[in-house]
Amino acid sequence: MSGYAARTATADVVCLGESMVTFLPSQPGRLADVPSFGRGIGGAESNVACALAAGGHRAKWVGRVGADGFGDHLVDTIAGYGVDTSAVRRDPGRPTGIYFRTATDRATDAHEVAYYRAGSAASAMSPHNVPYDDLLSARVLHLSGITAALSADCLELLHDLTAPRDGRPLVSFDVNHRPGLWRDGEAGPEVLLALARRSDLVFVGEDEAEEAWGVHGTEAIRAALPEPDVLVVKRGSDGVTVFSRTGDSPETDTVTTVPSLHVDVVAAVGAGDAFAAGFLSATLRDLPVRDRARHGHLMAAAVLTVPGDLTGPPPRAYADRLAALDDEAWGTLRLGPGWTAAAGANEEVRVT
């Protein structure tokens, strides 16, 4: 990160993408049976921005919302985490997107999500109506494959932002393969592969790489994505494997595998965005690759132990102390609800 850190930047990280108002069920069950919902916010890129801002970084979210009450709620809530929302644009002719979801793990067949985002304000983002000065003046520009699936204009925008250009910030790209978002006849997997190959730092799940591209195993994923300087392959309970370029070809990679933590999960939502935020936070601080991955795991554990998509991160000094543990001690950590407050209470994290 040191080569990028030398740039004059107005923000540490700028995150571009759609954020929506999400309605969370009051109890488990099918959407047809849930009697009421509580209101929250959801959006991969704004989640990353909120986590980074709460962790003390200068984070900016660039998006587009309707000129409606839901848009007001999104902007106010995201700004409440300390995120700069000055570059968010209002669209008087299109609504803010919303969605409803069940309480079950999204990886299970019982999980349901009902999106109402077709024709949303965010789907109208294009190279002609977003503030490029804001997007390109950060140390890191964080994008995701979700945006590419929203519309042809959004895809054109991501192609343009990942194109080589002088003074380009470090481009971070979370593949976020969502098959249900792609329009009929569009080759989503091929589009995501092309965008990932034009990025500097890529996050991809081992399972989604197999689903999207038919490749299995970390080495095969790296072979499919040889260009990024850093490739983070998320492997679920097996942890992450990070490929870091140390020369001009994949043969010069340094490969770092970092085990996951033992977590008493409350809700398995938002963990991927939180991991990206933790990894980016440590990247901005130029920490070693192992510690970047560990900070990703710690940020993910903070979200996994609360009901919603967002929560405050552990205090930085506390997270640094945990990330610096030796391998044996790291392997014995077990994190449950309330663990991020343990530092303030002078408590020790539970071990297995």
Side-chain angles (χ1 to χ4, degrees), residues 9-24 37-54 57-101 113-138 140-162 169 174 176 178 181 183 270 273 277 308-310:
T10 59
D12 293 326
V13 180
V14 171
C15 303
L16 169 98
E18 179 172 36
S19 190
M20 296 178 291
V21 172
T22 176
F23 289 92
L24 309 174
F37 296 80
R39 185 179 65 174
I41 67 169
E45 301 85 2
S46 59
N47 285 348
V48 172
C50 288
L52 285 166
H57 295 284
R58 297 175 302 159
K60 180 179 289 188
W61 173 56
V62 175
R64 196 172 179 87
V65 300
D68 50 33
F70 287 147
D72 294 341
H73 175 65
L74 279 175
V75 174
D76 291 346
T77 303
I78 293 169
Y81 280 87
V83 176
D84 181 348
T85 58
S86 62
V88 176
R89 298 292 182 259
R90 298 299 186 105
D91 189 325
R94 296 178 179 85
T96 303
I98 65 173
Y99 74 98
F100 297 77
R101 68 170 173 83
V113 181
Y115 288 107
Y116 298 90
R117 72 196 310 177
S120 69
S123 70
M125 291 189 296
S126 79
H128 312 293
N129 63 15
V130 298
Y132 268 59
D133 286 347
D134 292 283
L135 292 170
L136 300 177
S137 62
V140 176
L141 171 61
H142 182 69
L143 310 168
S144 99
I146 294 173
T147 305
L150 297 180
S151 69
D153 284 341
C154 284
L155 176 55
E156 181 185 0
L157 174 60
L158 258 64
H159 273 303
D160 193 48
L161 290 174
T162 56
D174 193 333
N176 266 329
R178 300 286 188 271
L181 291 181
R183 299 161 294 280
D273 303 330
D309 290 23
L310 287 167

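Hydrogens, waters and symmetry mates are skipped; everything else that's a heavy atom, side chains included, is used.
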Practice problem: Any chance you could measure Leu155, atom CG, to Asp160, atom CG, to the nearest 0.5 Å? | Solution: 11.0 Å
Practice problem: Under the side chain to side chain contact (heavy atoms under 4.5 Å, CB included) rule, what do His73 and Val21 come out as? Steps first, then yes or no, please. | Solution: CA-CA 8 Å; His73 175 65; Val21 172; 4.0 Å; yes
Self-check item: Intermediate values then yes/no, side chain to side chain contact (heavy atoms under 4.5 Å, CB included), Phe70 and Val65
Solution: CA-CA 8 Å; Phe70 287 147; Val65 300; over 6 Å; no
Exercise. Return the minimal non-hydrogen interatomic distance between Ala44 and Asn176, and the atom names on each side.
Key: CB-ND2, 3.7 Å
Self-check item: Closest non-hydrogen atom pair between Cys154 and Ala122, with its separation
Solution: SG-O, 3.4 Å
Quiz prompt | Spacing of CZ belonging to Arg58 relative to CG belonging to Asp84, to within rounding of 0.5 Å | solution = 10.5 Å
Self-check item: Pro169 to Leu141 - nearest heavy-atom pair and separation
Solution: CG-CB, 3.9 Å
Quiz item: Which heavy atom of Leu52 sits nearest a heavy atom of Ala277, and at what distance?
Solution: CD2-O, 3.4 Å
Quiz item: Where the side chain of Thr77 meets the backbone of Leu74, is there a donor-acceptor pair that is under 3.5 Å apart?
Solution: no
Quiz item: Once you round to the nearest 0.5 Å, how far does CG of Leu135 lie from SG of Cys15?
Solution: 10.5 Å
Practice problem: Step by step, work out the side chain to side chain contact (heavy atoms under 4.5 Å, CB included) result for Leu181 and Arg117. | Solution: CA-CA 10 Å; Leu181 291 181; Arg117 72 196 310 177; 3.4 Å; yes
Quiz item: Is there side-chain contact between Val83 and Ser46, with heavy atoms separated by less than 4.5 Å?
Solution: no
Exercise. Using modelled atom types only, decide if a donor and an acceptor are shared between the side chain of Asp68 and the backbone of Thr96 within a distance under 3.5 Å.
Key: yes
Quiz item: With no hydrogens and no angle check, is any side-chain donor or acceptor of Asp91 less than 3.5 Å from a backbone partner on Arg64?
Solution: no
Quiz item: Would you say Asp12's side chain and Ala59's backbone share a donor-acceptor pair under 3.5 angstrom?
Solution: no
Exercise. Run the numbers on Leu150 and Glu18 for side chain to side chain contact (heavy atoms under 4.5 Å, CB included), then give the verdict.
Key: CA-CA 9 Å; Leu150 297 180; Glu18 179 172 36; 3.6 Å; yes
Quiz item: Is any side-chain heavy atom of Asp133 less than 4.5 Å from a side-chain heavy atom of Thr10?
Solution: no
Quiz item: Roughly how far apart are Leu158 CG and Ile146 CD1, rounded to 0.5 Å?
Solution: 11.0 Å
Quiz item: Would you say the side-chain atoms of Arg89 pair up with the backbone N or O of Ala87, donor to acceptor, closer than 3.5 Å?
Solution: yes
Quiz item: When Tyr99 is tested against each of Tyr115, Phe23, Tyr116 for side-chain contact (heavy atoms from CB on, under 4.5 Å), which residue passes?
Solution: Tyr115
Quiz item: Quick one: does Asp273's side chain have a donor or acceptor within less than 3.5 Å of a partner on Gly270's backbone?
Solution: no
Quiz item: Less than 4.5 Å apart, any side-chain heavy atom of Leu161 and any of Tyr132?
Solution: yes
Quiz item: Is there a donor-acceptor pair closer than 3.5 Å between any side-chain N or O of Trp61 and the backbone N or O of Asn47?
Solution: no
Quiz prompt | For the student: nearest non-hydrogen atoms of Lys60 and Ala11, plus distance | solution = CB-CB, 4.5 Å
Quiz item: Without hydrogens or angle criteria, can the side chains of Asp153 and Ser151 be said to hold a donor-acceptor pair below 3.5 Å?
Solution: no
Quiz item: What are the two closest heavy atoms between Glu45 and Ser144, and how far apart are they?
Solution: OE2-OG, 2.6 Å
